[in-house]
Amino acid sequence: MSICEMTYGNSSFLVRDLDMQLMFFYIHEEMLDGRYFFAGKEAFLSRLDFYAKGYAFGELHLGWNRFLTTGQESETLIVLLGNLIVRLHSKGPEIIREEIEAIPVDDFHFKMYLDNPFPVSRLIRIAEALIRMISGSWNQEMNRMLLLPD
């Protein structure tokens with residue numbers, strides 16, 4: 001299992017690529033809700049779907065800056081991630097194995113490594129880190145922080 005670096009501006013953190021792949025799936029699902037407007041929403045959804053399905057295993061560079069071209073779009077993504085955190089909390093402490101198995105992926109590693117219930121807290125930590133990066137509250141000392149399993 002490899003580690004990928006998630007960056008936004010001058011901020012970054014390190015995370016297991018499979019954890020981020022799962023996160024991209026949930027961001028994609030949340031973005032499908034009609035409440036969120038992004039000028040390049042279709043391209044954004046397409047990129048999220050590409051990574052969520054595992055087409056770029058080991059290399060997950062979303063290019064947030066291309067999709068968040070205005071302050072309003074950054075705020076919209078922060079709201080989306082906040083709503084996603086609430087949705088993740090509602091799942092309880094773990095995402096059950098059956099839910100993970102139902103995720104449409106073309107990456108055999110994904111289901112091979114994620115064959116047990118997945119701790120919701122890991123996805124929430126990723127979402128919180130993304131919110132801090134996008135909002136500008138991520139400080140330089142946090143750069144290259146490693147978000148690993150509990």
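- Counting only residues at least two apart or on different chains, the salt bridge (Lys or Arg N to Asp or Glu O under 4.0 Å) pairs with a member in residues 78-90 are Glu30-Arg87.
- Classified by interplanar angle (parallel below 30°, tilted 30° to 60°, perpendicular above 60°), the ring pair Phe50/Tyr55 is tilted.
- Both Phe38 and Leu32 are assigned to one and the same hydrophobic cluster, defined by single-linkage of ILVMFWY side chains at heavy-atom distances under 4.5 Å.
- Shown here are the side chain to side chain donor-acceptor pair (under 3.5 Å) partners of Glu94, two or more places apart in sequence or in another chain: there are none.
- Exactly one of Ile78, Ile126, Val79 qualifies for a side chain to side chain contact (heavy atoms under 4.5 Å, CB included) with Ile131. That residue is Ile78.
- In this structure, the side chains of Ile103 and Phe110 come closer than 4.5 Å at one or more pairs of heavy atoms.
- Scored by the side-chain contact (heavy atoms from CB on, under 4.5 Å) test, Asn116 finds no partners at all (sequence neighbours excluded).
- The side-chain heavy atoms of Arg125 and Val15, taken from C-beta on, include no pair separated by under 4.5 Å.
- Lys41 pairs by the side chain to side chain donor-acceptor pair (under 3.5 Å) definition with nothing, not counting sequence neighbours.
- The side chain to side chain donor-acceptor pair (under 3.5 Å) check on Ser46 picks up nothing, with sequence neighbours excluded.
- Between Arg122 and Leu22 there is no side-chain heavy-atom pair separated by less than 4.5 Å.
- With a 4.5 Å cut-off on side-chain heavy atoms, Ser12 and Trp138 do not count as touching.
- When the side chain to side chain donor-acceptor pair (under 3.5 Å) test is applied to Glu73, the partners found at least two apart in sequence or on another chain are Thr69.
- Across Leu14, Asp19, Asp17, a single residue satisfies side chain to side chain contact (heavy atoms under 4.5 Å, CB included) together with Cys4, and that is Asp17.
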